[in-house]
Amino acid sequence: QAKLHSTAADNSISLTLKTASGKTVQLTLTSQDNGLAVQAQVSGGELSSDELAALGKMADGFQSAIDGLTQNPPALKLDALTQSDSDVFSSVDLSTRLKLNNDSTQTLELHADADGRSVRMSGAAGDLNMSVDLKNAAILGGSDQQAKALKGYMNQIEAARKRGDGDQQLLSMFEDAFKTLHSHYPGARAATAPETVNSIKLTETDHSLLTGLADFSASVTEKSREGNPARPGELDSFAYDVSQSTQSKGRDQLNRTLVQDQQSHLIASYHKPLWPGQKLDLSIDPNSQNYQYFQVNDQASSKTSIGYEKGALVNASVSQSASQSTRISRYVLGHLEEDKTTPLKSSKTQNLLGILNQALQQDKQAK
């Protein structure tokens with residue numbers, strides 16, 4: 001029983017809530033094969049009736065998170081924990097350590113407050129790390145704009161998984177975390193709310209060229225493994241990162257520049273059979289050494305720029321660039337038959353100044 005109530009327990013799940021009034025609530029579950037322990041602690045004073053009611057709703061979210069983490073395969077069900085009532089809870093922290101069936105350990109940490117959200121997870125399959133900056137609320141768009149941007153990122157992540165032969169389960173959890181952290185932002189912008197970035201107020205024209213999502217950084221990395229006993233240097237690996245950052249520069253409201261950068265990078269390597277349908281069973285036997293070894297290195301970036309001089313729109317453009325490198329080494333009976341690298345590059349810049357000025361003129365005439 002003493003071990004169950006200590007950090008030595010096999011499994012530990014803890015939820016810490018800080019209230020806006022300065023109190024702290026901590027719920028902890030610890031377990032082993034032969035027992036379960038539950039602890040609940042409140043410090044800083046007694047909870048009010050409103051705080052107790054909000055705590056009841058958070059308990060449901062806590063249970064949902066536990067159910068997701070302990071199901072097979074595991075899933076990240078963290079939505080309810082990131083949608084807490086900000087008038088009642090100033091911050092939410094979830095910390096878990098679970099012993100899996102293969103004796104490996106999986107850890108997860110979630111943090112959410114008015115300034116941002118973050119998720120870190122580490123396990124046998126790999127690691128993911130994600131943070132969302134909510135301090136720059138002025139760049140947030142409407143629900144339709146955010147939904148469109150989220151769909152685009154989900155397609156981008158899935159395309160990277162297929163291109164790099166990423167682990168389906170790990171990437172599914174990465175997608176779950178991405179959608180959770182970018183859904184139900186606290187204090188979503190109202191149409192009449194003053195919106196500023198570095199003391200510069202954004203216009204509807206500015207918003208029309210941004211993604212509508214909060215700035216973020218996210219990465220996922222599979223645990224590398226030796227995929228071919230006969231060639232230990234040939235690793236099966238997958239690493240993908242994606243980010244967005246937004247900055248406003250200028251002397252004043254009439255003379256300024258708004259820039260939003262988006263970046264992504266994929267590095268992966270994996271083994272495939274020579275022909276579709278062929279079973280890949282690599283060993284030190286030369287007769288098994290019939291395969292293709294892929295090495296992928298992709299990068300993409302997009303920069304949106306909006307500039308004003310003396311209140312007039314003078315620049316509105318989107319510049320995009322992408323590069324892909326695919327190296328395929330082909331082995332037959334252990335002998336290298338072909339080693340080919342295919343590089344691809346593309347870039348383009350769209351000048352949107354004319355389109356936006358025409359739209360602004362139409363709006364002016366309509367009013």
Side-chain angles (χ1 to χ4, degrees), residues 1-18 24-42 54-84 89 91-113 117-132 154 157-158 161 166-184 218-223 225 238 240:
Q1 289 179 342
K3 185 178 179 181
L4 275 171
H5 282 288
S6 72
T7 57
D10 290 342
N11 305 299
S12 173
I13 303 177
S14 177
L15 177 67
T16 303
L17 307 168
K18 292 186 177 180
T24 301
V25 181
Q26 187 172 50
L27 306 175
T28 303
L29 302 177
T30 50
S31 69
Q32 295 181 163
D33 292 339
N34 61 348
L36 169 70
V38 182
Q39 284 183 309
Q41 294 179 316
V42 180
L55 178 60
K57 295 179 181 179
M58 290 298 290
D60 292 337
F62 188 32
Q63 184 62 57
S64 177
I66 294 170
D67 292 343
L69 291 170
T70 55
Q71 73 182 41
N72 189 19
L76 296 184
K77 298 181 179 180
L78 308 174
D79 298 65
L81 297 181
T82 60
Q83 297 171 27
S84 62
F89 296 116
S91 69
V92 177
D93 287 274
L94 175 71
S95 179
T96 74
R97 187 185 73 254
L98 302 175
K99 186 177 179 180
L100 305 181
N101 293 333
N102 58 4
D103 286 335
S104 64
T105 300
Q106 179 173 288
T107 62
L108 172 75
E109 292 182 6
L110 164 73
H111 175 79
D113 60 25
R117 299 165 172 175
S118 63
V119 169
R120 290 197 302 270
M121 190 190 79
S122 179
D127 305 329
L128 65 85
N129 197 335
M130 193 176 302
S131 63
V132 174
M154 290 301 101
I157 294 169
E158 182 61 17
R161 184 196 68 80
D167 181 85
Q168 178 74 62
Q169 181 180 320
L170 181 62
L171 269 293
S172 177
M173 297 177 79
F174 183 71
E175 291 178 10
D176 288 344
F178 194 94
K179 287 185 286 188
T180 296
L181 296 194
H182 284 288
S183 299
H184 304 284
S219 64
V220 57
T221 306
E222 287 185 24
K223 287 285 193 295
R225 63 182 184 86
F238 180 96
Y240 177 71

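Quick note: residue numbers are just sequence positions, from 1.
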Within-4.5 Å side-chain heavy-atom neighbours: [X] and [Y]:
X: Leu170; Y: Phe174; answer: no
X: Met154; Y: Phe178; answer: yes
X: Val220; Y: Ile157; answer: no
X: Glu109; Y: Ser118; answer: no
X: Asp10; Y: Thr30; answer: no
X: Lys77; Y: Gln71; answer: yes
X: Phe238; Y: Leu171; answer: yes

Is a donor from one side chain sitting under 3.5 angstrom from an acceptor on the other, for Asp67 and Gln63? yes

Donor-acceptor side-chain pairing of Asn129 and Ser219 below 3.5 angstrom: no

Can you see which heavy atom on [X] is nearest to which on [Y], and at what distance?
X: Phe89; Y: Ala54; result: CE1-CB, 3.6 Å
X: Leu81; Y: Ala65; result: CD1-CB, 4.0 Å
X: Arg117; Y: His184; result: NH2-O, 2.7 Å
X: Ser91; Y: Asp113; result: CB-CB, 4.0 Å
X: Gly123; Y: Lys223; result: O-NZ, 3.2 Å
X: Ser104; Y: Ala124; result: OG-CB, 3.5 Å

Which of Leu94, Val92, Leu110 passes side-chain contact (heavy atoms from CB on, under 4.5 Å) with Thr82? It is Leu110

Among Ile13, Leu98, Leu128, Thr96, find the one that has a side-chain contact (heavy atoms from CB on, under 4.5 Å) with Leu108. Thr96

Using the side-chain contact (heavy atoms from CB on, under 4.5 Å) rule, take Gln106 and Leu69 through it: C-alpha gap first, then chi angles, then the decisive distance, then the call. CA-CA 9 Å; Gln106 179 173 288; Leu69 291 170; 4.1 Å; yes

Crowded around Lys18 NZ? As in, over 12 foreign heavy atoms under 6.0 Å? no

Output yes when Asp127 and Arg120 qualify as a salt bridge under the 4.0 Å nitrogen-oxygen rule, no when they do not. no

